[in-house]
Amino acid sequence: MFNLKNSVRSANSEKTARMIKANAIRVISGYVEGVRQPSLSVQLLLPNNVAKNLLKQKLLNLLGSSLLAQHLNELKANREKKMFDTARTIAITVDGLMASAGFPVLESFKISSVPKKQESNHHTFNVLFPSYEPRAVVFTLKWILKTLNNQDSRQKSLPASLRKELDQLLGQLRKIAPFGTNNIRFINAAHLLGIPVLPLPGDVFQYGWGIKGRWFHSSITDETNAIGVKQAKNKLVTNAFLKQGGIPVALGMHVNNPAEALSAAKKIGYPVVVKPADLDQGKGVYADLRNPQEVHNAFEQAKKLSSIIMLEEHLKGIAFRITLVRGETISIVKRLPAGITGDGMSTIQSLIEKTNEDPRRSARHFSIMKQIVIDSEAQNMLEREGLNLDSVPMEGEFIALKRSANVSTGGDAITLEAEEIDSSYIDMAKRAADLLRLDIAAVDFITNDIHKPLQETRTAVIEVNAQPQMGTILTHLHEQILKSYVDGDGTIPSLLVFGSNTADLIGNVRERLSGSNPGLGTISSEGVFIGKEMIDQYRQSMLNATRSLLLNRNVSALFLAIDHVLLMKEGLPLPIYHHLVITSWPEKQAVSAQVLSRLGKHLLGDVWIEKSHPLQKQIHQILGPERIRVFESKTSMHAAIDKALGVNTDE
């Protein structure tokens, strides 16, 4: 007799057996396996009967359009011949969605297989995802597995309900990802330069440690003048400052309503510009307004974005931006509004489509350039020139589709060398940045001839950006800026101590070096110290105790005791360190190979150990003889420690 309950139970059991699962999910706040970020550790369980060749295609069908080119190509290239490749397919997709949401994916995941038991119905893989926000990896992985387990392999694209879920997931991830394009590019640059990064509250990031640590909030640094930033954020105030400083600005004024805007336009003379005084990236800017109706409409639109609206004269010419760091010019850019150049054969519509095929152009938040959008402004720009989307421009004819020249609205940027413009414009930009006391600034101006001296042209500064976004075509600038601000790789001398009497050694060193290096940061069971001053009793985790030293600008070197239990629980407190000092150890008592391996994977230098030490042979076997420095006595090893830590970095 047919038993419906048993049949349902059997079907559910079969479905469960076919599901891909994530077990033993654990956030590792410290550093393990040689990676320089915190990590998420997870066990991935793949059923024996998983269709390896179909899983990749399924992910490509469902999520391919949501991945950046790098991860999409990596996913396509992954050959699913073994279960290991299938686990890799899932991990690539996790990294891809994280990158799409704005997280810096700096180091690739690590996968290792767990020996399979003969009777097991699945393969198990340990996967480590390095990430500055491991919780975000959890959300992403769980959503991908849910999608894989519940969608038919024949599905060619995400259904509407899952598309909505994915959009919500990406929206949630973006809220906890580094804010803006500058932060993610500074983080990427720091990784390439080997500079350690510490995320801080409020989207602030510290590059380097202790006395070498520098704070950045986007392109605002710990040197940036707060008053200057405040003044630069209001274009009306900026113009008043620049005018008093003898720098040319456009004639303009604050307008409170459409009537005032029309009156100001009549007074200044058409064409004019209406824009919010407190927004950037071209938001709400309406340029080249030629009649009262356009002014009225522009004011109403701008008012939706800001309560502070200004109207100024429209200057005919080309827009440029000069970016400066500490008074030195690091880039000069010619800025063009969104538009197309005719070839004498193609329609405006087809030219826009062809322009948007440029792989650098995308609607994605972190794309180098933005796609040209045919909106009401573009339609209006065409109509005023007697054109439409079916018009065929002459060869070489440029048709502007936006009034303002901003990359964020589909515009283009062309880099120039200093020799290509008259030096007076560089001098003008330097004076503007210096006037507002800004260490990093981008000065936007319009001129009718960049090759003639400033005094012989019609030129005006239209904005000074105190927090310039430099993530368009100038992606190399972030590395250049970090090199300017951070000393070397940003690390300070760091020695970890492992053994049975670490507190005695650290206490002795602290006493000896308190005069020559008052910035020595130490951690042991006695507490957390800077010089001779105890700042904490070390009742917190090893990671938190270490971070309190890394954030302190007075700390010039680190000498830290390592607890092997916390080491295996939390990971290392530093992503890299210079030397490992081994103190005394009980005879005939071995150390876990896993402990030594974990210590060794983040060690830049060598292990310091006394001759005939009980652990010498084991360290030799696990880390290799080339990584051991053997000292004849305690005295000689202490001298080496003093030399490594005792130098005052201020001298």
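- The shortest side-chain heavy-atom distance between Thr491 and His578 falls under the 4.5 Å cut-off.
- The distance from the CZ atom of Arg553 to the CD atom of Gln206 is 10.0 Å, given to the nearest 0.5 Å.
- Remark: Gln43 CD to His122 NE2 distance equals 8.0 Å, nearest 0.5 Å.
- Of the possible donor and acceptor atoms, none in the side chain of His478 sits under 3.5 Å from a partner among the backbone N and O of Ala189.
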Item checked: CA sep, side-chain torsions, deciding dist, call: Ser584, Ser500, side chain to side chain donor-acceptor pair (under 3.5 Å) -> CA-CA 6 Å; Ser584 60; Ser500 59; 3.2 Å; yes

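- In this structure, Leu106 and Pro130 have side chains that are not in contact, with every pair of non-hydrogen atoms separated by 4.5 Å or more.
- Contact annotation: the side chain of Leu580 never approaches that of Ile619 to less than 4.5 Å [non-hydrogen atoms, C-beta and beyond].
- His602 places a side-chain N or O within donor-acceptor distance of the main-chain N or O of Pro575, the cut-off being under 3.5 Å.
- Taking 4.0 Å as the cut-off between side-chain N and carboxylate O, Arg88 and Glu74 count as a salt-bridged pair.
- Checked against the 6.0 Å centroid criterion, the rings of Tyr132 and Phe103 do not qualify as a close aromatic pair.
- Aromatic ring centres of Trp215 and Phe205 lie farther apart than the 6.0 Å criterion allows.
- For His613 (side chain) and Thr583 (main-chain N/O), a donor-acceptor pair under 3.5 Å exists by modelled atom type.
- Salt bridge annotation for Glu479-Arg185: absent, with no cationic side-chain nitrogen under 4.0 angstrom from a carboxylate oxygen.
- The local environment of NE2 in His638 is crowded, with over 12 non-hydrogen atoms from other residues, nucleotides or ligands closer than 6.0 Å.
- No side-chain heavy atom of Ser41 sits less than 4.5 Å from a side-chain heavy atom of Ile25.
- Distance alone, capped at 3.5 Å, is enough to place a donor-acceptor pair between the Asn508 side chain and the Asp504 backbone.
- Counting non-hydrogen atoms of neighbouring residues, nucleotides and ligands closer than 6.0 angstrom, the CD atom of Glu223 exceeds 12 such neighbours.
- Remark: Arg510 fails to qualify as a cation-pi partner of Phe559 under the 6.0 Å distance and 45° angle criteria applied to the six-membered ring.
- A salt bridge is defined here as a Lys NZ or Arg NE, NH1 or NH2 lying under 4.0 Å from an Asp or Glu carboxylate O, and Asp642 with Arg512 meets this definition.
- Between Phe498 and Trp585, the angle of the ring planes stays under 30°, which puts this pair in the parallel group of the 30/60° scheme.
- The side-chain heavy atoms of Leu198 and Arg547, taken from C-beta on, include a pair separated by under 4.5 Å.
- A donor-acceptor pair under 3.5 Å is absent between the side-chain atoms of Thr329 and the main chain of Ser331, judged by distance alone.
- Asn183 and Ser218 share no donor-acceptor pair across their side chains, judged by distance under 3.5 Å alone.
- Looking at Gln467 and Ser219, their side chains never bring a donor and an acceptor atom within 3.5 Å of each other.
- Under the 3.5 Å distance criterion, with hydrogens and angles disregarded, no donor-acceptor pair is assigned to the side chains of Tyr485 and Asp222.
- Between Phe631 and Trp608 the shortest side-chain heavy-atom distance falls below 4.5 Å.
- Panel note: side chain Arg627, backbone Gly600; a donor-acceptor pair is recorded below 3.5 Å.
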Margin query: side chain to side chain donor-acceptor pair (under 3.5 Å), that's the test. Do His217 and Asp203 meet it? Break it down for me.
Written below: CA-CA 6 Å; His217 173 62; Asp203 275 309; 5.8 Å; no

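- The OG atom of Ser108 lies 10.5 Å from the CG atom of Leu128; values are rounded to the nearest 0.5 Å.
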Next item on the list: Begin from the C-alpha positions of Thr224 and Asp439 and carry the test side chain to side chain donor-acceptor pair (under 3.5 Å) through to its verdict.
Entry: CA-CA 6 Å; Thr224 305; Asp439 60 325; 2.7 Å; yes

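- Dense packing is recorded around CZ of Arg326, with more than 12 heavy atoms of other residues, nucleotides or ligands lying under 6.0 Å away.
- Checking side-chain atoms of Lys212 against main-chain N and O of Ile492 turns up no donor-acceptor pair under 3.5 Å.
- Formation of a donor-acceptor pair under 3.5 Å by the Asn517 side chain with backbone atoms of Leu645 is found in this model.
- Using a 4.5 Å heavy-atom cutoff, the side chains of Arg26 and Leu40 are not in contact.
- For the pair Gln618 (side chain) and Val591 (backbone), a donor-acceptor distance under 3.5 Å is present.
- Between Glu33 and Lys110, none of the side-chain N atoms (NZ, or NE/NH1/NH2) sits under 4.0 Å from a carboxylate O, so this pair counts as no salt bridge.
- Taking 4.5 Å as the limit, every side-chain heavy atom of Ile506 sits out of range of all side-chain heavy atoms of Phe529.
- At least one donor-acceptor pair closer than 3.5 Å links the side chain of Asn149 to the backbone N or O of Ile20.
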